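From a predicted model like this one, the values you see are computed outputs, not experimental measurements.
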Amino acid sequence: MKNIKKVIISIVACSILASTSVFATVDPALLATATASARNTAFMPTSSHRLAMGNAGLGLAGYYDSYLYNPANITKDGFKIVLPSLTLTVNNVYNLLLPESGDDLITIAERLGTDDNAPVDLGVLFLQSIPYGYGEIMTLDTNFGIKTRGLGFDLAVQEKLRSYNGGGDYTTASAISETTVAATLALGFNIPLGKYVSIDLGATGAFNFKAYSVALDANEAINLISSIQNGDDVSTTLMETVPFASGYAIPVTVGANLNLPLGLTVSGVGRNFNGNYNMVGYTNLKSLINNDETIVAFAGEDVLGTDGSTPPQASDSFEVEIPWSFDLGLSFAPKVKGALKPSLAIDFIDCYGLINDAINQSRSPVQLKSDALASLHAGAQISLLNMLEVRAGISQGYKSFGAGLNLILLHLDFAYYWQEYGDVLGQSPSDAFSVKFSILNK
Amino acid sequence: MRNKRLSLLVLLTTVLLLSSCDVSTLLNTFKGNTYEELFNVNLVGEQAQEAANAVAQASTPQQSSGAVEAGKVKVDQVVSVEQPKGVAAPSDIPTKDATDSHDLENGKVAVVDDKIPTLPKQTEEEKLELKATVANALTGSSEDEFIESLQEAADDAQIIAAHNTVIIMNRLLQDLNANIGSSGMSQEFIDSFNELKEGLILELPQNPTQADILNIQVASNLINSFIAALNLIAGDDDIDNIDVDDVDTDDQSINDSINSVISDAALMVKVAKAKGSTSDIINSVKINELFSLFNNEGGSSVERVVSSPTDETYDLPEESLQYLNAFNDTIDLIIQDILGVDITAAIPTMDRDKFNAAIKNYSDQYAGFNAFIRASKLGKKTRATINGDDRATFCGVTGLINYTIATVLVNVEDVFDTLATDIDDEDYNTIEEIIDAFLAPASNVALIQADTFTTDMSLTLPADLIALEDSFNNPDDIISDLDLETKALNYVKNAIYLVGLGSSDENANILIDMLKELKSSLE
């Protein structure tokens with residue numbers, strides 16, 4: 001068990017370092033930007049198959065992690081185990097493949113190894129792909145999961161590189177490294193109400209640990225390069241100079257399915273009760289790892305074996321509010337004979353927030369209209385011989401598509417989709433390509 | 001079997017469809033929001049229109065008496081002070097153009113009310129877009145909260161600053177009164193002081209109005225001017241040890257400078273009378289002074305700090321230059337804190353010289369926008385840090401800034417109009433980018449994170465800012481960085497600005513007489 005702890009701590013530390021490896025010293029003030037970026041972002045593992053279906057499907061099961069999106073789904077399907085699943089999501093694909101100027105990603109990739117300028121061009125291309133405002137650059141999800149009918153456990157590590165661009169130019173783009181470790185336990189049961197009607201009830205309790213860096217811009221990259229040129233130890237520089245904030249939340253999510261004849265299911269999910277994060281800012285990663293109460297409680301003191309001269313934390317605790325939400329879903333997955341199996345789903349996300357905003361007039365009429373449209377998600381899937389699944393959907397008005405391939409012990413899913421990061425629809429959309437590998441079960 | 005054939009057909013069709021598309025076609029197929037066509041909506045456009053309407057509504061001047069709500073004023077408590085009405089844009093105020101048109105010695109002052117030449121105006125559509133861009137960041141409840149918080153900060157800082165000023169100035173006045181009789185100054189000078197002293201009201205009523213606060217500011221500057229003048233004459237800043245024999249009458253630059261400020265004061269008083277509204281000019285001058293203090297575009301901030309209305313500049317000791325530059329840099333850091341934007345990084349691609357020229361041109365006439373940006377942050381800082389009685393200097397500065405915020409906020413329309421008239425299209429686009437860069441993050445960062453900032457400044461304040469804040473605990477340390485000559489001139493100029501523009505003609509004439517006396521003492 002102790003080894004597992006060390007492994008997890010190592011994953012956290014390494015992932016944070018890995019995702020900030022292009023940056024160095026930074027002004028602590030930029031932590032505010034990072035906090036703003038991380039606000040209202042309840043942890044949710046990336047689900048390629050759902051994203052391909054317009055991020056809909058509260059009532060659809062079939063995947064080991066279906067209960068993470070609707071706890072009531074824990075009662076569906078039997079034993080499943082995933083050791084592990086890896087999901088890589090690359091954002092801003094459109095800008096990478098069809099840049100406004102210069103070579104695209106593929107062209108630059110072909111030059112790698114033969115052209116000394118290619119790495120620089122690649123870096124600039126990635127920076128150029130970052131749109132104005134808040135967004136994401138890349139996400140890597142790692143999940144270990146096991147479930148039976150009514151009981152499930154999932155351990156997820158998500159490394160996310162968020163972006164923030166305040167100036168609309170690539171030189172003003174900055175990145176925020178965020179790592180989340182989430183352990184989720186799910187319980188649920190089914191209540192039969194007749195031959196064709198039943199109710200699924202389920203709940204999940206999670207322990208989420210989140211750490212994120214300050215917003216780091218191109219200046220920090222230059223500083224780091226200078227640091228390397230001066231012969232400084234890069235890892236030491238990173239460990240001792242980049243401010244971080246970390247904290248935890250213990251959110252509870254409850255869900256219910258009303259299973260009706262003909263494969264119809266009506267679902268309701270209350271999400272992220274008690275979901276606020278209690279955060280503390282630290283002057284650097286070393287300080288974080290040695291002082292964060294979650295890490296210390298989990299792995300013991302002095303994880304890094306320092307000499308006790310760790311700088312003090314940068315702030316007292318503060319809270320990042322994650323409001324609870326209520327989602328409604330309607331899905332249709334008839335049990336048809338034959339090789340062709342369709343599924344349809346329509347979800348309304350955060351209905352409570354929408355109504356609450358309307359009552360309190362905390363959003364303008366246009367914003368409310370946008371929120372209402374953005375809450376609508378719909379998708380469809382056709383399964384062929386249980387081997388190939390083709391998916392398409394609409395999420396927030398943006399089209400998505402994807403596919404899944406089941407090869408006995410290896411399962412592959414991919415999705416291409418757009419997502420809105422602006423205040424209203426159409427303001428700041430960004431696309432992404434997500435691919436997921438699952439070993440053993442899907 | 002039939003199903004398998006169908007499956008195979010679907011599979012092959014899918015593969016064929018996908019393989020027949022190139023990347024561009026495929027990606028463009030999925031680009032765009034289908035709801036916009038499906039529901040025939042343009043939410044971004046609608047929001048822009050909504051925001052523009054909100055700006056138009058917000059920019060309508062509020063009619064108020066300028067009085068503080070009764071029974072709510074405590075020195076250490078945030079209070080509500082309504083904004084004064086009728087704040088004028090500086091473009092209405094002849095300053096530099098009029099300087100050449102007065103002849104103080106002959107008793108003639110010809111106020112030239114020429115407007116500064118304007119470049120082609122932007123179209124209504126462009127203006128609307130600009131307004132919308134700005135207002136996007138300040139819509140709905142966020143806008144209300146933002147303005148409310150800034151106004152509270154402004155009120156808070158102003159009243160605390162005035163309170164502290166009263167304490168300090170009364171003490172200084174007592175010292176001055178006790179020592180001036182034995183200072184060796186001419187009887188005429190002492191008489192001027194006594195006359196002026198009688199006109200000073202160094203009290204802060206329980207329910208102070210904006211006029212009360214202005215009065216305190218004017219009074220404090222008058223007292224400072226007297227002390228500075230005495231120090232200048234004495235060559236020693238120890239009020240208890242004045243020695244008139246140390247007067248340096250050979251320094252022509254001092255004589256010239258004082259002559260200049262006397263002329264300026266006379267001009268400003270006449271302008272104030274001609275305009276018939278002293279308060280309007282006070283507000284505008286505050287903005288311009290503020291901008292001079294914190295602006296780093298169009299030349300060194302240090303130069304602007306000590307510049308007179310006629311753009312005269314004075315050399316400061318290297319130590320003071322470093323201090324002031326550090327202060328200026330810190331202000332930029334503060335902006336970075338609150339807005340999440342690096343000013344220099346926000347404008348990386350454009351011609352900096354052209355930008356600087358455009359900004360200077362614009363800011364010389366209306367410094368509101370830049371002052372607003374800077375003041376936004378400092379306003380937040382004020383709320384978090386002002387808690388002692390010994391920060392009068394800092395409070396004074398921040399009070400001024402916060403007052404500017406409120407002034408600018410209720411005159412957003414004027415800012416835009418000025419923007420539209422002072423710059424060409426290219427520069428206009430640049431300005432728009434900057435507004436984007438500043439205000440859009442402001443809504444996301446500054447407002448939402450305000451509690452974090454105000455409750456835990458150590459999280460966000462860089463070390464040098466904390467050091468700066470500490471330095472404000474002892475204003476004398478800062479003042480002592482300036483040499484005596486510069487300090488005295490600054491004091492006098494500061495008093496000239498405020499008294500000459502804002503107080504009664506009687507007080508202004510007294511001050512002018514005093515300065516004439518001072519000048520003659522030096523000759």
Given a strict heavy-atom distance threshold of 4.5 Å, which part of [X] is in contact with chain B: side chain, backbone, both, or neither?
X: Leu97(A); answer: side chain
X: Glu420(A); answer: neither
X: Tyr417(A); answer: neither

Who among Ser400(A), Pro429(A), Ala403(A) has the most heavy-atom pairs with chain B under 4.5 Å?
->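 Ranked by contacts with chain B, first place is Ser400(A).
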Considering all heavy atoms of both residues, which atom of Lys399(A) and which atom of Thr34(B) are nearest to each other, and what is their separation?
->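 Residues Lys399(A) and Thr34(B), closest heavy atoms: NZ-CG2, 3.4 Å.
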All ring-ring contact (aromatic ring centres under 6.0 Å, His included) counterparts of Tyr35(B), not counting sequence neighbours |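 With neighbours one apart ignored, the set is Phe39(B).
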Which residues satisfy the ring-ring contact (aromatic ring centres under 6.0 Å, His included) test with Phe433(A), sequence neighbours excluded?
->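 Phe433(A) satisfies ring-ring contact (aromatic ring centres under 6.0 Å, His included) with Phe414(A) only.
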Trp418(A) vs Asn33(B), side chain to side chain contact (heavy atoms under 4.5 Å, CB included): CA-CA, chis, key distance, verdict | CA-CA 9 Å; Trp418(A) 285 77; Asn33(B) 196 304; over 6 Å; no
Answer whether the closest heavy-atom distance between the side chains of Leu98(A) and Asn28(B) falls below 4.5 Å.
->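 When only atoms from C-beta onward are counted, Asn28(B) and Leu98(A) do touch, with a gap below 4.5 Å.
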